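So the structure is just underneath, and the comments pick up after that.
Position 1 is the first residue of the sequence, and the numbers go up from there. Model, not experiment: these values are computed from the prediction.
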Amino acid sequence: MTIYLIRHGRTEANDRHLYCGSTDLPLSREGAEELRTLHYSCQDSIFLTSGMRRTEETLKILFGSVPHQTDPRFREVDFGIFEMKSYETLKNDPAYQAWLAGNNEENIPPKGESGAQMTHRVLGAFSDIQNAGADMVLVTHGGVIAAIMAHLFPEERKNRYQWQPKPGHGYEISGGTYRPIP
């Protein structure tokens, strides 16, 4: 069984360095164009997305109109009141400073969820697809992929930012090993 984890293509939020998790953005024009240059060979797989627009558009560009399932448990972390804002906009906000202070994985942004909460949700969903027994392509989000990779390969001692692939890229996991793709 092989699992392909693919990050959605670039969005306006990526380009503007905004916190974007729960906001349902489309791909940017440039992001869609970049995806058209990538080639994957995993057509005989079960396809799955988080159901968010950017993952749906990425799936369609990379693989065409393939039948697929959606699972909202594979959505990105919810940044709460910090959604669609940049560090520059937030840096003097006391609520933002409190969120960044201490353990960023455990701290919960106001009206959002912590990295730990997102990881718990994602790993539950990932356990379900591991039991499917078939090759699977999951088009999802950078934080989701990072949470899965950190869980599967703790010996690498990478944090979630180090595991995040570039938009449109990801990992192929098979037999207890992985390789970056495409």
Side-chain angles (χ1 to χ4, degrees), residues 3 5-32 34 48-59 70-130 138-171 173 178 180:
I3 298 175
L5 303 176
I6 301 172
R7 183 178 179 185
H8 63 78
R10 278 191 317 149
T11 66
E12 173 191 355
N14 298 127
D15 294 341
R16 293 179 49 209
H17 305 288
L18 305 177
Y19 288 101
C20 180
S22 61
T23 304
D24 200 11
L25 292 180
L27 298 175
S28 66
R29 188 179 77 248
E30 296 82 8
E34 287 173 355
L48 178 66
T49 74
S50 71
M52 298 193 84
R53 186 171 173 186
R54 56 195 181 263
T55 63
E56 293 290 310
E57 291 175 358
T58 297
L59 177 74
T70 62
D71 189 334
R73 296 178 297 170
F74 287 112
R75 290 184 175 192
E76 185 61 274
V77 68
D78 182 347
F79 293 105
I81 66 170
F82 306 136
E83 274 286 317
M84 297 305 290
K85 295 179 182 167
S86 69
Y87 168 80
E88 283 302 315
T89 304
L90 293 168
K91 67 183 178 185
N92 296 319
D93 181 327
Y96 181 71
Q97 292 171 353
W99 177 58
L100 289 181
N103 186 341
N104 194 346
E105 256 323 279
E106 296 293 333
N107 289 352
I108 301 172
K111 299 183 181 178
E113 70 180 325
S114 71
Q117 289 171 322
M118 181 271 295
T119 297
H120 178 74
R121 166 174 51 81
V122 165
L123 293 180
F126 188 71
S127 177
D128 290 347
I129 68 169
Q130 283 181 299
L138 171 59
V139 180
T140 188
H141 309 269
V144 170
I145 292 171
I148 293 168
M149 295 300 290
H151 171 75
L152 292 176
F153 303 100
E155 67 280 0
E156 301 232 358
R157 299 185 194 283
K158 292 182 182 179
N159 66 41
R160 67 177 164 161
Y161 302 105
Q162 293 168 313
W163 277 117
Q164 279 194 20
K166 295 186 312 186
H169 295 256
Y171 299 99
I173 303 166
Y178 73 91

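Inter-residue side-chain proximity for Met52 and His8 is flagged as unmet; no heavy-atom pair is nearer than 4.5 Å. In this structure the side chain of Ser86 reaches within 4.5 angstrom of the side chain of Leu18, judged on heavy atoms. Looking at heavy atoms from C-beta onward, Cys20 lies in side-chain contact with Arg54 at the 4.5 angstrom threshold. Between Leu152 and Tyr178, the closest side-chain pair of non-hydrogen atoms is not below 4.5 Å. Taking the side chain as every heavy atom from C-beta outward, Arg160 and Glu105 approach each other to under 4.5 Å. Proximity of Phe82 to Pro110: side-chain heavy atoms (C-beta onward) are separated by under 4.5 Å at one or more points. Within the 4.5 Å cutoff, the side chain of Glu156 has no heavy atoms near those of the Met149 side chain. No side-chain heavy atom of Ser50 sits under 4.5 Å from any side-chain heavy atom of Val144.
In this structure, CG on Leu59 lies 11.0 Å from OG1 on Thr70, to the nearest 0.5 angstrom. Residue Asn92 holds its CG atom at 10.5 Å from OG1 of Thr89, rounded to the nearest 0.5 Å. Here the straight-line distance linking atom CD1 of Ile3 with atom CD1 of Ile148 works out to 8.0 Å at 0.5 Å rounding. How far CD of Glu12 is from CD of Glu30: 10.5 Å, rounded to the nearest 0.5 Å. From Phe126, atom CZ reaches atom CD1 of Ile145 across 10.5 Å, with rounding to the nearest 0.5 Å.
In plain terms, the two heavy atoms of Ile6 and Gly168 that are nearest each other are CG2-O, 3.8 Å. Of all heavy-atom pairs spanning Ala13 and Leu25, the tightest one is CB-CD1, 3.6 Å. Nearest heavy-atom pair, Gly9 versus Asn14, reported as atom, atom and distance to 0.1 Å: O-OD1, 3.9 Å. Summarising the geometry of Pro180 relative to Tyr171, their closest heavy-atom pair is CA-CD2, 4.0 Å, with the distance given to 0.1 Å. Contact record, Gln117 with Ser114: OE1-N, 2.7 Å, taken as the closest heavy-atom pair. Across all their heavy atoms, Trp99 and Asn107 have their closest contact at O-ND2, 2.8 Å.
The aromatic rings of Trp163 and Phe153 sit tilted, their planes meeting at an angle between 30° and 60°. Ring geometry for Tyr19 versus Phe79: interplanar angle of 30 to 60°, hence tilted.
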Practice item. For side chain to side chain contact (heavy atoms under 4.5 Å, CB included), just list the numbers for Thr119 and His151, CA-CA rounded to whole Å, side-chain angles, deciding distance to a tenth of an Å, and then say yes or no. Key: CA-CA 9 Å; Thr119 297; His151 171 75; 5.9 Å; no
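Between the Asp24 side chain and the Arg53 main chain, a donor and an acceptor come within less than 3.5 Å of each other. Remark: the backbone N or O of Pro165 is paired with a side-chain donor or acceptor of Arg7 at under 3.5 angstrom. Looking only at distances, no side-chain donor or acceptor of Gln164 sits under 3.5 Å from a matching main-chain atom of Tyr161. Looking only at distances, a side-chain donor or acceptor of Glu83 sits under 3.5 Å from a matching main-chain atom of Thr23. A donor-acceptor pair under 3.5 Å is formed between the side chain of Glu76 and the backbone N or O of Gly143.
Partner of Met118 under the side chain to side chain contact (heavy atoms under 4.5 Å, CB included) criterion, chosen from Arg75, Glu113, His141: Glu113.
The neighbour count for Lys111 NZ, taken as heavy atoms of other residues, nucleotides or ligands under 6.0 Å away, does not exceed 12.
Salt bridge present: Asp128 and Arg73 bring a charged side-chain N and a carboxylate O closer than 4.0 Å.
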